[in-house]
Amino acid sequence: MMNLTFPEFDDEEIKNLQQCLDSKWVTQGPFTKKFEGLFAARHQVKHALATTSCTAALHLATLALDLKPGDEVIIPALTWVTSAHAAEYVGAKAVFAEIEADTFNLDPKAFEAAITPRTKAVVAVHLFGLAANMGELMRIAKKHNVAVIEDAACATGTTYNGKPVGSTGDLGCFSFHPRKVVTTGEGGMVTTENDALAAKVASLRNHGSTGPGPLGDPTRPYHMGTFNMLGFNLRLSDIQAAVGVAQMAKLDRLLAERQTLVARYRELLSNVDEIALPAVPKGCGHTYQSFVLRVLKGGRDRRNAVMNHMQKAGIQTRPGTHAVHRLGYYANKYGLKPEMFPIAANAEDTTITLPLFPGMTEADLKVVSDALKESLRG
Ligand SMILES: Cc1ncc(COP(=O)(O)O)c(C=O)c1O
């Protein structure tokens with residue numbers, strides 16, 4: 001079976017892991033600090049704070065922005081479910097808005113139309129690694145005084161108009177799940193330029209620790225910190241960060257390799273008129289964390305038949321992602337109907353993610369492309 005993706009590890013990860021284990025310091029520590037420093041430099045942000053997942057990063061972002069019951073957070077209707085859960089974790093309401101059919105990202109016009117006096121934030125998702133239209137989204141958010149959380153789970157290392165994602169909104173959230181461009185097994189990162197938000201995230205991921213206690217001197221053996229916030233343990237371990245440091249050194253090569261592979265996929269599939277290949281608007285970078293195409297005719301049944309055929313040919317595929325408004329939690333809680341966001345619903349039903357991973361050969365690309373063409377014929 002050819003998997004959708006495989007992470008790439010080599011001696012560097014093993015060397016760092018050995019060093020971490022030998023040091024006997026395995027919780028958040030020196031490797032985490034190094035990982036955060038590399039990540040902040042690469043994304044041109046003042047602060048990068050490692051955490052256990054992108055979901056945790058999104059949760060920390062909604063906590064740091066002090067979102068609460070009565071507040072509304074606008075989420076693109078097509079995304080991973082936790083882009084929306086983060087609002088719900090803090091009692092705010094996830095409000096969905098339609099996506100653009102060609103980019104799968106939040107439609108700025110739909111975002112503006114969904115704003116109410118209760119709107120406090122928007123989650124600008126860079127879906128599948130394609131930078132969202134940050135120019136328009138930021139303009140609208142500023143006009144209505146709405147905070148921007150960039151969900152860059154799939155977008156480590158990419159840019160919008162030359163500026164790294166995660167550096168424009170109030171906070172950026174990244175994922176290091178194994179299906180992402182770089183991985184720490186599980187893991188995430190919060191980025192921000194804002195000192196106060198960074199301090200809040202640092203405290204909230206560490207049980208809500210708010211610094212030295214009234215007795216002051218942290219060098220004293222009796223010293224105990226203060227906890228003035230309801231925090232969580234969302235720290236990344238140094239074992240994971242040791243892998244992250246090695247992965248960051250590969251990031252640019254891995255991104256370049258994905259571009260090369262996609263360029264070849266585009267050639268091999270250029271004459272297949274029954275599919276739409278991913279659109280990349282000018283100025284929007286794409287990591288191709290997922291290479292997602294759309295089957296143009298025949299709806300979900302045809303798409304499913306194509307995927308079944310690919311599976312029989314030994315090739316793993318997946319739908320792009322969820323139309324979140326159709327999932328039980330949201331549909332039941334807010335009485336949402338599938339037809340409310342037809343573009344998102346159609347995107348879930350008609351998309352296919354093809355295998356894409358470092359080390360993929362010309363033969364692999366041909367096998368997948370030929371199987372896809374054959375499946376479309378069948
Ligand atoms: C857009 C988006 N947001 C958030 C997440 C959650 O990331 P994690 O698995 O690190 O919690 C994902 C994961 O696939 C994602 O694709």
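Order of appearance sets the numbers: ligands from 1, and atoms from 1 within every ligand. Along the sequence shown, residues carry numbers from 1.
For atom 2 (C) of ligand 1, the closest non-hydrogen atom on the protein side is Ala153 CB, 3.4 Å. In this structure, the protein non-hydrogen atom closest to atom 3 (N) of ligand 1 is Asp151 OD2, 2.7 Å. When only non-hydrogen protein atoms are considered, atom 13 (C) of ligand 1 lies nearest to Lys180 NZ, 3.1 Å. The closest protein non-hydrogen atom to atom 16 (O) of ligand 1 is Cys154 SG, 3.4 Å. Of the protein's non-hydrogen atoms, the one nearest atom 10 (O) of ligand 1 is Ser175 OG, 2.7 Å. Scanning the protein heavy atoms around atom 7 (O) of ligand 1, the nearest turns out to be Cys54 CB, 3.3 Å. What sits closest to atom 5 (C) of ligand 1 on the protein, heavy atoms only, is Trp80 CD1, 3.4 Å.
Less than 4.0 angstrom separates some heavy atom of Thr82 from each of these atoms of ligand 1: 4 (C), 5 (C), 6 (C). Ligand-side atoms of ligand 1 in range of Thr55: 6 (C), 8 (P), 11 (O), range being under 4.0 angstrom from any heavy atom. Atoms of ligand 1 found under 4.0 Å from any heavy atom of Thr79 (numbered from 1 in listed order, with element): 1 (C).
Taking the six-membered ring for Trp and the full ring otherwise, His43 and Phe174 have centroids separated by under 6.0 Å.
Atom NZ of Lys34 is surrounded by 12 or fewer heavy atoms from other residues, nucleotides or ligands within 6.0 Å. Remark: Glu267 CD is packed, more than 12 non-hydrogen atoms of other residues, nucleotides or ligands lying under 6.0 Å away.
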Note to self: Let's go through Leu65 and Leu171 carefully: what are the C-alpha distance in whole Å and the side-chain angles of both, what is the deciding distance for side chain to side chain contact (heavy atoms under 4.5 Å, CB included) to 0.1 Å, and is it a yes or a no?
What the structure shows: CA-CA 9 Å; Leu65 290 171; Leu171 298 130; 3.7 Å; yes
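When heavy-atom distances to ligand 1 are checked against a 4.0 Å cut-off, Thr321 has no atom that comes that close, whether in backbone or side chain. Residue-level proximity to ligand 1 for Arg179 is absent, since no heavy atom of it falls below 4.0 angstrom.
Using a 4.0 Å cut-off between a side-chain N of Lys or Arg and a carboxylate O of Asp or Glu, Glu257 and Lys250 do not qualify as a salt bridge.
No side-chain N or O of Ser203 forms a donor-acceptor pair with one of Thr210 less than 3.5 Å apart.
In this structure, Thr27 and Arg235 approach most closely via the heavy-atom pair OG1-NE, 3.9 Å.
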